Amino acid sequence: MQKLTGKVWRNTGRALFGRDPMDWRYICAGCGRVSTGRMWQKFGRRDGAARAAAECIGNALPPSEQVRLFQAGGCLWKAAGPVLLSGCVEIIDEPRRAVFPFAEPGMRTSPPPVSLLLHSRTS
């Protein structure tokens with residue numbers, strides 16, 4: 001597992017994706033789905049940047065849909081769980097936590113699970 005200070009991690013995010021953490025792209029260490037804080041925000045989550053860094057977008061589903069997604073083999077991974085996947089990055093200070101790795105700059109976001117689209121907020 002890669003270990004970084006919070007400062008190095010934030011500087012890397014800015015260098016790859018710009019100053020706004022809502023635009024930073026992360027790869028779920030469980031399924032490889034790429035998401036951003038804006039995707040989480042689209043589904044009604046105010047803390048989108050923090051969620052994108054540590055949770056698969058499947059977790060944005062309502063609880064009843066999460067059960068269906070999990071039973072169908074979908075991913076509900078959270079990087080801060082009791083068992084860390086080797087693909088996670090450990091922030092070793094301020095506070096210590098696990099996050100998903102950054103996506104490569106050219107990688108596109110992955111579509112959320114189909115059922116998640118049914119629950120999106122309309123603008």
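The structure presented is a predicted model; accordingly, all values stated were derived computationally and were not measured. For this chain, numbers begin at 1 and follow the sequence in order.
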Margin query: Testing the basics here: between Pro95 and Arg97, what is the closest heavy-atom pair and its distance to 0.1 Å?
Written below: O-NH1, 3.1 Å
Notebook entry, point to check: Is the shortest side-chain N to carboxylate O distance from Glu55 to Arg45 below 4.0 Å?
Noted result: no
Item checked: Atom pair CZ (Arg14) and CG (Asp23), whose distance is rounded to the nearest 0.5 Å -> 13.0 Å
Next item on the list: Mind checking the OG1-CD1 spacing from Thr109 to Ile57? Nearest 0.5 Å is all I need.
Entry: 9.5 Å
Next item on the list: Please report the shortest heavy-atom distance between Thr36 and Ala52, naming the atom on each side.
Entry: C-CB, 3.4 Å
Next item on the list: Check the pair Arg10 / Trp24 against side-chain contact (heavy atoms from CB on, under 4.5 Å), numbers first and verdict last.
Entry: CA-CA 10 Å; Arg10 283 188 302 280; Trp24 298 358; 4.3 Å; yes
Check: Do you reckon Val99 sits in the same ILVMFWY cluster as Ile92, going by side-chain contacts under 4.5 Å, direct or chained?
Finding: no
Next item on the list: Write down the atom of Leu16, the atom of Pro105, and the distance for their closest heavy-atom approach.
Entry: CD2-CG, 3.6 Å
Check: Atom CZ of Arg51 and atom CZ of Phe43: how far apart are they, to the nearest 0.5 Å?
Finding: 13.5 Å
Item checked: Result of checking Ser110, Cys88, Pro101, Cys75 against Cys28 for side-chain contact (heavy atoms from CB on, under 4.5 Å) -> Cys75
Notebook entry, point to check: Do Asp20 and Arg38 meet the salt-bridge criterion of a basic N to acidic O distance under 4.0 Å?
Noted result: yes
Note to self: Minimum heavy-atom separation for Val34 and Met39, please, with both atom names.
What the structure shows: O-SD, 3.9 Å
Check: Stepwise, does the side-chain contact (heavy atoms from CB on, under 4.5 Å) test hold for Asn59 with Trp40?
Finding: CA-CA 9 Å; Asn59 286 292; Trp40 278 89; 3.7 Å; yes
Next item on the list: State the CD-CZ distance between Glu104 and Arg25, to the nearest 0.5 angstrom.
Entry: 12.0 Å
Next item on the list: Would you mind telling me which of Phe100, Phe102, Trp77 makes a ring-ring contact (aromatic ring centres under 6.0 Å, His included) with Tyr26?
Entry: Phe102
Next item on the list: Give, for atom CE of Met22 and atom CG of Asp47, the distance between the pair rounded to the nearest 0.5 Å.
Entry: 9.0 Å
